[in-house]
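One structure is given here, and the rest of the page talks about it.
Values reported hereafter were calculated over all heavy atoms of this structure, with side chains retained and with hydrogens, waters and symmetry mates removed. Convention: sequence-line order gives letters A, B, ...; per-chain numbering from 1. This structure is a prediction, so every number in the text was calculated from the model and none was measured.
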Amino acid sequence: MNIEHVLTSKVIAAVKQFYGVDIEAKDLQLQETRKDFIGDLTVVVFPITRYAKKSPEAVAEQLGEYLKRHIEEVRGYNVVKGFLNIEISSAYWLKVLNEISEDPKYGYLKEKSGRTIMIEYSSPNTNKPLHLGHIRNNLLGWSVSEIQKANGHKVIMVNLVNDRGIHICKSMIAWQKFADGATPERVGKKGDHFVGDYYVRFDKEYKAEIQELIGKGMPEEEAKKNAPIMLEAQEMLRKWEAGDTDTVALWQKMNDWVLKGFEETYEQMGISFDKIYFESQTYKKGRDIVLKGVADGVLYRKETGSIWADLTADGLDHKLLLRDDGTSVYMTQDIGTAYDRFQEFQIDEEIYVVGNEQNYHFQVLSLICKKLGFDWADKIRHLSYGMVELPEGKMKSREGTVVDADDLMQEMIDTARETSKELGKLEGYTEEEAEEVYRKVGLGALKYFMLKVDPRKTMLFNPEESIDFNGNTGPFVQYTYARIRSVLRKAVDSGLSMYESDIHLPISDKEQDLIKLIVKLPAIVKEAGDQYSPALLANYAYDTAKEFNQFYHDFSILKEENDEIRNFRLLLTKQCGEAIKSAMGILGIELPERM
RNA sequence: GGUUCAGUAGCUCAGCUGGAUAGAGCAACGGCCUUCUAAGCCGUAGGUCGUGGGUUCGAAUCCCGCCUGGAUCACCA
């Protein structure tokens, strides 16, 4: 039984006894005592004052006395204004620490919730490589999935690859015209980068043609529509949709190159999927559902034949669902795929990890699904995240200010290598072992930097700062963990055993603070799950690492002469490492044993 | 204009289901390597929590107005 529950129930009992009023746990405010005050937990008594008809101080005093008498673990209390600060005995914290040490996967909930959550993330286009924005998406999607798993839910991670459309045709046309039979293998380039180059090439040619037409006196708008290369791309899209054999074969070949490239990127990033959907196979979906919606009178048809949803009653506009020619649009597809997924899987929730530029889309999606009468309409959820900006301003592919995902990851690893070598770390490691550490540190820096920020917020990615391994960064947490492992290795080497700590000596405040942080982990995992926010876990890992660093600095561990104290500190060190490992592991950040 | 998200130290971010004197890191300045990893630790300095009202014992946190910035409002995806 956790001390907070005990306190809560006893306070309720006391209020009942003294003031004859029944209050509920949620009306009670029990919080951690602020650092500047003495105590561990604080009851805010202001809300109780109105039943008691006494001053806040008197109420606090009365409750404090009661708690001290009735709860063994309560060692003492003090009252400051309306705050009752309760001091918990060291014995309690030691007991909890011992309990935690028996849990091999501390921080992960053991009981299965029985809930299944589907998470769709990444969703790349197959015409160019992944960039900085995708990195945030991928890391968020992955860590949120892991957080939900840690909360005992079953998670199905899916990726919906956008492998069709005019943008793909642009790369295809440019390749046909300018590649002269080149392939990624022959050129020695990653497939997604290879294809992306032709996408850029298309844009260059397209712009040149527009200028040429304008030079001949054509208005800009018209020139954009009539540039020969654009007409070719549109023609290619028509051929693709008609199932033209050569076009489909080329499309297949180029998509395979790109997807192979993506696989490498995903692997380097440490993410994966349970199932991959391709838009080329799903883009016609949803049509029947929409037509049924018309029959049911939920949707309406215009004279020209197109089908719409009227959302003006909800403060939104009219939304197109089927074109005049009867083909689907993006929204229609999403309705269709969602429908299919709820048919195929027993899922209790579906989360889409998509940038906030699509907030409107998802608002409309859930509204229309509700109108269509689907009972799963309220089970879909948009995990919206803000854009990633650069110090110089926005990323623009046309202006060449895009930060490429592969390049960035490599740059981070290179910097980790340089820094590590400069500091003369990792002596005695083989080249291979050292490389593994550089990889963990470089990627850890990137991942932590991205995940520590509240997903909803637009974030600024400063490449230089992320490579600076000081402060609130992944490498700092990793470094702390490496030191913890080092201490534990040395303990083993010198034959020190680590048994349960049943010391009766009082432990210091610093040590108690550290235990309290360790104890908090499961609550943080739960909260992160409720809020779909890895940021909480990242900041928790940092807080714990920082607290450990102070402890490490102030107290001797291995050199402590008193066996009981040394063993206690070793156990504390070990569990601190476990807590950090769990938190970082859930975020998808690996921890090196040395660095 | 409609919808929506945000605005906290010079910079990047925590804190937001109302609670005590608003916290970190970076940058600046000053200390600490004969002692378990100095990618570290300690200290100094830095704030009208965008703004004006309201709700109450109490507001960075909740409500309303305003200001500023982002996103979005296609027979694109």
Looking at the side chain of Lys546(A), which of A39(B), C73(B), C41(B) is the nearest nucleotide?
C41(B)
Under-4.0 Å salt bridge between Glu57(A) and Lys81(A)
no
Quick one: is C36(B) close enough that its OP1 or OP2 comes under 4.0 Å of any side-chain N or O from Arg485(A)?
no
Classify Gln478(A) by what it touches in the nucleic acid, base, sugar-phosphate, or nothing, heavy-atom distance under 4.0 Å.
nothing
C16(B) and G1(B), which share atom name C1', separated by this distance in whole Å:
31 Å
At under 4.0 Å, does any side-chain N or O of Arg483(A) touch on OP1 or OP2 of A39(B)?
no
Against the six-membered ring of Tyr385(A), is Arg136(A) placed for a cation-pi contact (under 6.0 Å from the centre, within 45° of the normal)?
no
In whole angstrom, give me the gap between the C1' atoms of C76(B) and G10(B).
42 Å
Salt bridge (Lys or Arg N to Asp or Glu O under 4.0 Å) filter on Glu357(A), not counting sequence neighbours, yields none
In whole angstrom, give the distance that lies between atom CZ of Arg489(A) and atom C1' of U37(B).
10 Å
Please tell me if Gln363(A) has a side-chain N or O lying less than 4.0 Å from either OP1 or OP2 of U3(B).
no
Would Phe37(A) pass as stacked on A20(B), i.e. its ring centre under 5.5 Å from the base's six-membered ring centre and planes under 30° apart?
yes
Given atom CZ of Arg34(A) and atom P of A20(B), what is their separation to the nearest angstrom?
5 Å
Could you go through nucleotides 5-12 of chain B and list every protein N or O atom that sits under 3.5 Å from one of its N or O atoms, giving the distance for each pair?
| from | atom 1 | to | atom 2 | distance (Å) |
| --- | --- | --- | --- | --- |
| G7(B) | OP1 | Lys457(A) | NZ | 3.4 |

Are OP1 or OP2 of U37(B) and a side-chain N or O of Tyr552(A) less than 4.0 angstrom apart?
yes
Backbone of Glu427(A) reached by a side-chain donor or acceptor of Arg594(A) within 3.5 Å:
yes
Should the pair Glu235(A)-Arg238(A) be classified as a salt bridge under the 4.0 Å nitrogen-to-oxygen rule?
yes
Going by modelled atom types, is there a donor-acceptor pair between the base of C75(B) and the side chain of Asp324(A) at under 3.5 Å?
yes
When rounded to whole Å, the NZ to C1' distance for the pair Lys53(A) and C57(B) reads 17 Å
Would you kindly give the CG-to-P distance between Asn470(A) and A39(B), to the nearest whole Å?
9 Å
Stem ranges of RNA chain B by first residue number, counting only runs of at least 3 Watson-Crick or G-U pairs under 3.5 Å, come to B:1-7 with B:67-73, B:10-13 with B:23-26, B:28-32 with B:40-44, B:50-54 with B:62-66
On the nucleotide G19(B), are OP1 or OP2 found under 4.0 Å from the side-chain N or O atoms that Lys81(A) carries?
no
Need one value for Ala482(A): base, sugar-phosphate or nothing, where a base atom within 4.0 Å counts as base even if backbone is also close, heavy atoms only.
base
Test Phe476(A) against every option in Phe548(A), Tyr481(A), Phe449(A), Tyr542(A) by the ring-ring contact (aromatic ring centres under 6.0 Å, His included) rule and name the one that passes.
Tyr542(A)
Indicate whether OP1 or OP2 belonging to C75(B) is found under 4.0 Å from a side-chain N or O atom of Ser306(A).
no
In whole angstrom, what separates Tyr479(A)'s OH from G25(B)'s P?
16 Å
Can you check whether Phe83(A) stacks with the A20(B) base, using ring centres under 5.5 Å and planes within 30°?
yes
